[in-house]
Q: 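First, the structure itself, so that you have it in front of you.
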There are 2 protein chains.
Amino acid sequence: MADGRMAQIYGGENLLFLTDEQLRQGIEAMFFAYRGFTADPDRILADLAYGRAHHRAIHFINRAPGTTVNNLLALLGVTKQSLNRVLRALIADGLVESRVGTSDKRERHLYLTDAGRALESRLSDAQRARMRSAYRDAGPEAVAGFRQVLEAMMDADMRRAYVRMRDGAA
Amino acid sequence: MADGRMAQIYGGENLLFLTDEQLRQGIEAMFFAYRGFTADPDRILADLAYGRAHHRAIHFINRAPGTTVNNLLALLGVTKQSLNRVLRALIADGLVESRVGTSDKRERHLYLTDAGRALESRLSDAQRARMRSAYRDAGPEAVAGFRQVLEAMMDADMRRAYVRMRDGAA
DNA sequence: TTGGAATGTCAACAAGGCTGACATATGATG
DNA sequence: CATCATATGTCAGCCTTGTTGACATTCCAA
């Protein structure tokens with residue numbers, strides 16, 4: 001696809017010409033925005049000798065309490081060795097509790113402890129404040145569009161996981 | 001900020017209630033979408049023994065040919081040692097050319113070689129295809145909103161760099 | 001001439017990915 | 001019951017990419 005090519009999008013009354021330049025701008029916006037997106041939690045985590053991997057685990061355990069290790073692996077898209085290293089630290093530090101499954105005793109079900117929930121709140125508050133501020137600056141119609149494009153950008157299996165989680169939670 | 005709190009956004013005729021739950025969904029959408037966003041270039045890079053760091057350097061050198069190392073450092077937000085390792089590999093492999101500055105000979109100006117441009121195209125084509133597809137699925141109004149929210153999510157200095165680059169390029 | 005800026009480079013280290021191999025406990029199935 | 005598959009944990013080793021600190025070089029500018 002050589003530079004200069006265009007794609008057209010028809011939508012209602014609007015007609016959008018998508019030049020390569022516009023697509024590049026979207027790519028760069030995504031890159032810079034993701035930095036902002038992670039910046040606040042990163043600062044908090046740095047003081048605690050944790051990283052983004054710990055944040056992600058905490059986030060999804062909070063999101064789906066009692067989730068199994070396998071389920072978490074699928075969501076995070078990492079190997080079990082990588083996740084295990086993170087979980088071991090969180091369990092040792094008393095932020096996560098691992099309970100043997102009742103129906104299937106091979107499974108470990110993961111829960112945040114009170115301390116885990118406290119850290120989750122700190123991280124989540126910071127990240128939501130940024131998200132809320134961005135939403136407010138951009139306005140409600142922009143928010144709907146933002147969500148639509150993000151969803152369309154996911155791989156199919158991630159979109160399925162995302163939608164399931166979105167609709168499953170209150 | 002406890003769970004259950006709401007923020008309100010007023011925009012035109014619309015009124016959007018931003019529950020913590022909605023903000024969390026936005027956070028998760030961002031996480032999963034970023035994975036999709038990087039997935040295609042990552043696959044290409046894996047075959048070449050390069051990583052995302054190389055991609056980012058190639059991207060911005062292509063974007064602003066003749067940029068200095070310092071300028072690139074500011075855009076990428078990494079240390080010079082980290083960038084230098086990446087640049088050294090790219091220069092050794094003949095993808096990037098480093099020219100001593102004419103007015104200030106301390107500066108190195110960076111350019112893609114023909115081979116570098118070829119790889120840039122491969123990576124960019126893949127990433128733009130994903131972006132174009134997402135834009136097409138979501139529609140033109142969604143795209144405008146997407147860009148607005150992303151921009152509002154950036155740190156102030158990154159937003160400045162982004163806008164400068166966006167408006168500077170054709 | 002001297003100080004500071006821009007750059008490059010070396011060493012060491014850490015986080016967090018990966019693969020491969022292996023152990024254990026348990027469920028499921030013939 | 002025997003066997004195979006599944007879920008998990010763990011060890012060892014490797015890679016990329018980030019970090020700090022130290023130091024050399026080059027060269028502009030006061």
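To find a chain, count down the sequence lines: A is the first, B the second, and so on, and within it residues start at 1. As a basis for the values below, the full set of heavy atoms in this structure was taken, side chains included, without hydrogen atoms, waters or symmetry mates. Given the structure is predicted, the values throughout are model-derived calculations rather than measurements.
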Q: Side-chain donor or acceptor of A/R106 under 3.5 Å from a matching atom on the base of C/dA25?
A: no

Q: Any idea how A/H59 and A/H55 line up, ring-wise: parallel (<30°), tilted (30 to 60°), or perpendicular (>60°)?
A: perpendicular

Q: I need the CG-C1' distance between A/D104 and D/dA7, as an integer number of Å.
A: 7 Å

Q: For A/D155 and A/D157, indicate whether the former's side chain and the latter's backbone hold a donor-acceptor pair under 3.5 Å.
A: no

Q: Under 4.0 Å from OP1 or OP2 of C/dT7: is there any side-chain N or O of B/N70 that close?
A: yes

Q: From A/L150 CG over to A/Y162 OH, what is the distance, rounded to the nearest 0.5 angstrom?
A: 7.5 Å

Q: Could you work out which one of C/dA11, C/dT26, C/dA21 sits closest to the side chain of B/Q81?
A: C/dA11

Q: Checking all strands, does A/R88 fall into the base, sugar-phosphate, or nothing category for heavy-atom contacts under 4.0 angstrom?
A: sugar-phosphate

Q: For the residue pair A/M153 and B/M131, establish whether any side-chain heavy-atom pair is separated by less than 4.5 Å.
A: yes

Q: Aromatic ring centroids of B/F60 and A/F31 under 6.0 Å?
A: yes

Q: Given that B/R108 and A/G77 both sit by DNA chain C, which one's nearest nucleotide is further toward the 5' end?
A: B/R108

Q: Would you be so kind as to tabulate the donor-acceptor pairs closer than 3.5 Å made by side chains of residues 70-80 of chain B, with sequence neighbours excluded?
A:
unit_1: B/N71; atom_1: ND2; unit_2: B/T67; atom_2: OG1; d: 2.7
unit_1: B/T79; atom_1: OG1; unit_2: B/S82; atom_2: N; d: 3.3

Q: Examine the base of D/dT26 for any acceptor or donor lying under 3.5 Å from a partner atom in the side chain of B/K105, and report the outcome as yes or no.
A: no

Q: Name the residue closer to the 5' end of DNA chain C, choosing between A/S82 and A/V100 according to the nucleotide with the nearest heavy atom.
A: A/S82

Q: Taking atom P of D/dA7 as reference, at what distance in whole Å does atom CG of A/L83 sit?
A: 15 Å

Q: Does a salt bridge link B/E120 with A/R24, judged by any charged N lying under 4.0 Å from a carboxylate O?
A: yes

Q: Nearest whole angstrom, please: distance from the C1' of C/dA6 to the CG of B/L87.
A: 14 Å

Q: How many whole angstroms separate atom CG of A/L73 from atom P of C/dG16?
A: 16 Å

Q: Looking just at side-chain N and O atoms, do B/T38 and B/R52 make a donor-acceptor pair shorter than 3.5 Å?
A: yes

Q: Please give, in whole Å, the distance from D/dT25 P to B/K80 NZ?
A: 14 Å

Q: Taking the side chain of B/R85 as heavy atoms from C-beta outward, which of D/dG9, C/dC18, D/dT17 is closest to it?
A: D/dT17

Q: Check each residue of residues 31-48 of chain A for a non-hydrogen atom within less than 4.0 Å of any atom in DNA chain C, then write out the ones that pass by number, or none.
A: none

Q: With rounding to the nearest 0.5 angstrom, report the CG to CZ distance, A/L48 to A/R43.
A: 14.0 Å

Q: At a heavy-atom distance below 4.0 Å, what parts of residues 50-59 of chain B sit against DNA chain C?
A: none

Q: Considering just the side-chain nitrogens and oxygens of A/T79, establish if one lies under 4.0 Å of OP1 or OP2 belonging to C/dC18.
A: yes

